[in-house]
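What follows is a short report on a single structure.
Everything quoted here is computed from the prediction, not taken from an experiment.
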Amino acid sequence: MKKLIKLLLLVGIIALSYITIKEPQLTAKVQQTVSSYIKKETKTEQADITVYFKNAEGYVVPITRKVNKEQATFDNVLNLMVDNEENGKVAAKNGLLPAVVSGSIKSVQVDGTTAKVSLNEKSAQFVDKSDETAFVTSIVYALTEYKDVDSVMFDLSSSDKLPFGTEMNKLYYRENINKIKYSKLAKSKQTMYLAKKCDNVYNYIPYSVYNRKSNISLKEALNIHFNLCSDTKFSSLIFADNAKLKEILIKGDSVYIHLSKEFEKMDKAMLNMYKNSVSLTVKENSDSIEKVRFIIDQNEENNGIMETVLIKDYSNQERK
């Protein structure tokens with residue numbers, strides 16, 4: 001009998017030891033599973049926000065950043081553009097640089113449809129005129145992305161101008177981004193997009209192109225755009241030798257771009273960037289055109305027509 005009792009006690013001790021040893025492992029596993037589930041369920045919702053950086057030449061470039069939803073607000077947009085370590089890394093991955101000087105913004109307040117930006121002395125730390133222009137333009141365009149804001153005014157208590165001449169207490173509108181071909185005799189302006197290599201990344205850069213002729217038609221604008229695509233100062237596209245834009249026809253809701261046979265020899269990536277830059281330019285300069293159709297001589301596929309639906313988002317997507 002005593003032997004039986006001892007045997008039962010021994011079995012009980014072993015069983016209890018087994019439970020005591022295994023239970024913490026089981027509990028840890030359950031806790032890990034629950035924590036993982038909760039983390040998955042509470043994953044932060046993402047949202048898009050358009051910010052503006054600059055390339056090495058000082059031209060301002062729109063980038064769509066994907067951030068936590070609570071960060072994608074008017075009050076936070078300039079924080080996502082200021083020159084700091086995090087924003088510098090984001091800009092660098094897109095071949096760009098932050099344009100907003102660290103510590104330069106004291107406050108931003110909205111009065112009616114105007115965003116009033118109060119600056120401090122650090123905003124005077126610019127290398128040259130293009131550096132200052134990129135600073136001002138990037139802020140104006142970022143803040144006027146919001147439908148309730150159509151103008152921006154800057155204030156600097158110690159001066160009525162920035163070092164290179166930008167006037168304070170003046171309304172700035174969304175109208176002069178990356179001015180090229182500017183002349184005091186200009187009578188018209190069109191916004192055109194060109195594919196430009198920034199470091200090792202291609203971005204579509206918007207340019208305000210001035211012309212001495214008033215009432216430029218879409219056909220004329222696309223011819224100017226084609227010529228600018230070959231200007232290495234503004235574009236990095238490489239066309240095949242003797243490639244020509246032969247004809248532009250507008251019919252209904254479509255514009256037809258007739259290209260010479262040399263475009264068949266063009267690098268496909270370059271051709272796609274040209275098509276996209278045309279589509280962006282058409283979208284910017286016409287309210288009635290919905291599609292761009294490219295016709296290349298001797299391209300037998302689909303009778304030579306390559307259809308491109310207009311690109312709705314003018315901003316470049318952030319590279320991770």
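Formation of a donor-acceptor pair under 3.5 Å by the Lys189 side chain with backbone atoms of Asn176 is not found in this model. At distances below 3.5 Å, not a single donor-acceptor pair connects side-chain atoms of Ser236 with backbone N or O atoms of Lys196. Of the possible polar contacts, one joining the Ser138 side chain to the Phe135 backbone as a donor-acceptor pair under 3.5 Å is found. For Asn94 (side chain) and Leu96 (main-chain N/O), no donor-acceptor pair under 3.5 Å exists by modelled atom type. The backbone N or O of Val117 sits nowhere less than 3.5 Å from a side-chain atom of Lys106 that would complete a donor-acceptor pair. Panel note: side chain Asp83, backbone Ala99; no donor-acceptor pair is recorded below 3.5 Å. A donor-acceptor pair is defined here as one N or O able to donate and one able to accept, closer than 3.5 Å; no such pair exists between the side chain of Asp231 and the backbone of Asn227. Looking at Asn169, its side chain never comes within 3.5 Å of a backbone N or O of Asp155 through a donor-acceptor pair.
Linking Ile, Leu, Val, Met, Phe, Trp and Tyr residues whenever their side-chain heavy atoms come within less than 4.5 Å places Ile295 and Leu249 in a single cluster. Put simply, Ile139 and Val110 are part of the same group of oily side chains (I, L, V, M, F, W, Y) that touch within less than 4.5 Å, one to the next. One hydrophobic cluster, built from ILVMFWY side chains closer than 4.5 Å, cannot hold both Met153 and Ile177; they sit in different ones. No continuous path of ILVMFWY side-chain contacts below 4.5 Å connects Leu97 to Ile105, so the two sit in separate hydrophobic clusters. Neither Ile216 nor Val255 shares a network with the other; the hydrophobic side chains, linked directly or stepwise wherever heavy atoms of I, L, V, M, F, W or Y lie under 4.5 Å apart, form separate groups for each.
With contacts defined as side-chain heavy-atom distances shorter than 4.5 Å, the pair Pro98/Met81 does not qualify. Ile205 places none of its side-chain heavy atoms less than 4.5 Å from the side chain of Asn316. Put simply, the side chain of Tyr256 reaches to within 4.5 Å of the side chain of Lys251, judged on heavy atoms. A heavy-atom distance below 4.5 Å is found between the side chains of Arg212 and Ser183. In this structure, Leu143 and Leu78 have side chains that are in contact, with non-hydrogen atoms separated by less than 4.5 Å. Inter-residue side-chain proximity for Ile180 and Leu228 is flagged as met; some heavy-atom pair is nearer than 4.5 Å. Side-chain contact between His225 and Val278 is present, with at least one heavy-atom pair separated by less than 4.5 Å. A heavy-atom distance below 4.5 Å is found between the side chains of Leu222 and Val282.
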Could you walk me through whether Tyr204 and Val61 satisfy the side chain to side chain contact (heavy atoms under 4.5 Å, CB included) test, starting with their C-alpha distance in whole Å, then the side-chain angles of each, then the deciding distance to 0.1 Å, before giving a yes or no? CA-CA 8 Å; Tyr204 297 103; Val61 183; over 6 Å; no
Are Tyr141 and Tyr172 close enough, and set up right, to give a ring pair (Phe, Tyr, Trp, His ring centres under 6.0 Å), and what steps lead you there? CA-CA 10 Å; Tyr141 271 74; Tyr172 289 90; over 10 Å; no
Steps toward side chain to side chain contact (heavy atoms under 4.5 Å, CB included) verdict (Asn285, Lys283): CA-CA 6 Å; Asn285 292 282; Lys283 182 69 175 178; over 6 Å; no
Candidate pair Ile238 and Asp267, rule side chain to side chain contact (heavy atoms under 4.5 Å, CB included), full reasoning: CA-CA 8 Å; Ile238 301 173; Asp267 177 81; over 6 Å; no
Please step through side chain to side chain contact (heavy atoms under 4.5 Å, CB included) for the pair Lys161 and Phe154, ending with a clear verdict. CA-CA 10 Å; Lys161 289 183 180 181; Phe154 296 91; over 6 Å; no
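In summary, the aromatic rings of Phe294 and Phe263 are positioned with their centroids too far apart to meet the 6.0 Å limit. Under the 6.0 Å cut-off for aromatic ring centres, Tyr59 and Tyr52 do not qualify, their centroids lying 6.0 Å or more apart.
Within the structure, side chain to side chain donor-acceptor pair (under 3.5 Å) pairs that include any residue of residues 62-77 comprise Gln46-Asn68, Asp48-Lys66, Thr64-Ser315, Arg65-Asn87, Asn76-Asn79 (at least two apart or interchain). For residues 67-118, the ring-ring contact (aromatic ring centres under 6.0 Å, His included) pairs, not counting sequence neighbours, are Phe74-Tyr146.
Listed by chain and residue number, nothing satisfies the ring-ring contact (aromatic ring centres under 6.0 Å, His included) test with Phe164 (two or more places apart in sequence, or in another chain).
Between Glu57 and Lys233, none of the side-chain N atoms (NZ, or NE/NH1/NH2) sits under 4.0 Å from a carboxylate O, so this pair counts as no salt bridge. Under 4.0 Å is where a charged nitrogen must lie from a carboxylate oxygen, and between Asp241 and Lys265 no such pair does.
Pairing each heavy atom of Ser188 with each of Asn215, the nearest pair is CB-N, 4.3 Å. Shortest non-hydrogen contact noted between Lys54 and Ala134 is CD-CB, 3.9 Å. Summarising the geometry of Cys198 relative to Asn203, their closest heavy-atom pair is SG-ND2, 3.6 Å, with the distance given to 0.1 Å. Closest approach of Ser208 to Glu175, counting heavy atoms only: OG-O, 3.8 Å. Closest of all the heavy-atom pairs between Ser277 and Tyr274 is OG-O, 2.8 Å. Of all the heavy atoms in Glu284 and Thr191, the pair that sits closest is CG-CB, 3.4 Å.
Between Ser279 atom OG and Lys291 atom NZ the span is 12.0 Å, to the nearest 0.5 Å. Summarising the geometry, atom CG belonging to Leu237 is positioned 7.5 Å from atom CG belonging to Leu194; distances are rounded to the nearest 0.5 Å. Once rounded to the nearest 0.5 Å, the distance linking CD of Glu264 with CG of Leu271 reads 8.5 Å. Rounding to the nearest 0.5 Å places CG of Asp131 at 9.0 Å from OG1 of Thr133. Rounding to the nearest 0.5 Å gives a distance of 13.5 Å between OH of Tyr210 and CD1 of Ile224. Interatomic distance, Ile49 CD1 to Glu318 CD, rounded to the nearest 0.5 Å: 11.5 Å.
If you run salt bridge (charged side-chain N to carboxylate O under 4.0 Å, His left out) between Asp297 and each of Lys244, Lys246, Lys261, only Lys246 comes through. Screening Thr113, Thr144, Thr114 against Ser151 for a side-chain hydrogen bond (donor to acceptor under 3.5 Å, both in side chains) leaves a single residue, Thr114.
Atom NZ of Lys116 is surrounded by 12 or fewer heavy atoms from other residues, nucleotides or ligands within 6.0 Å.
When only modelled atom types and interatomic distance are considered, Tyr173 and Asp150 share no side-chain donor-acceptor pair under 3.5 Å.
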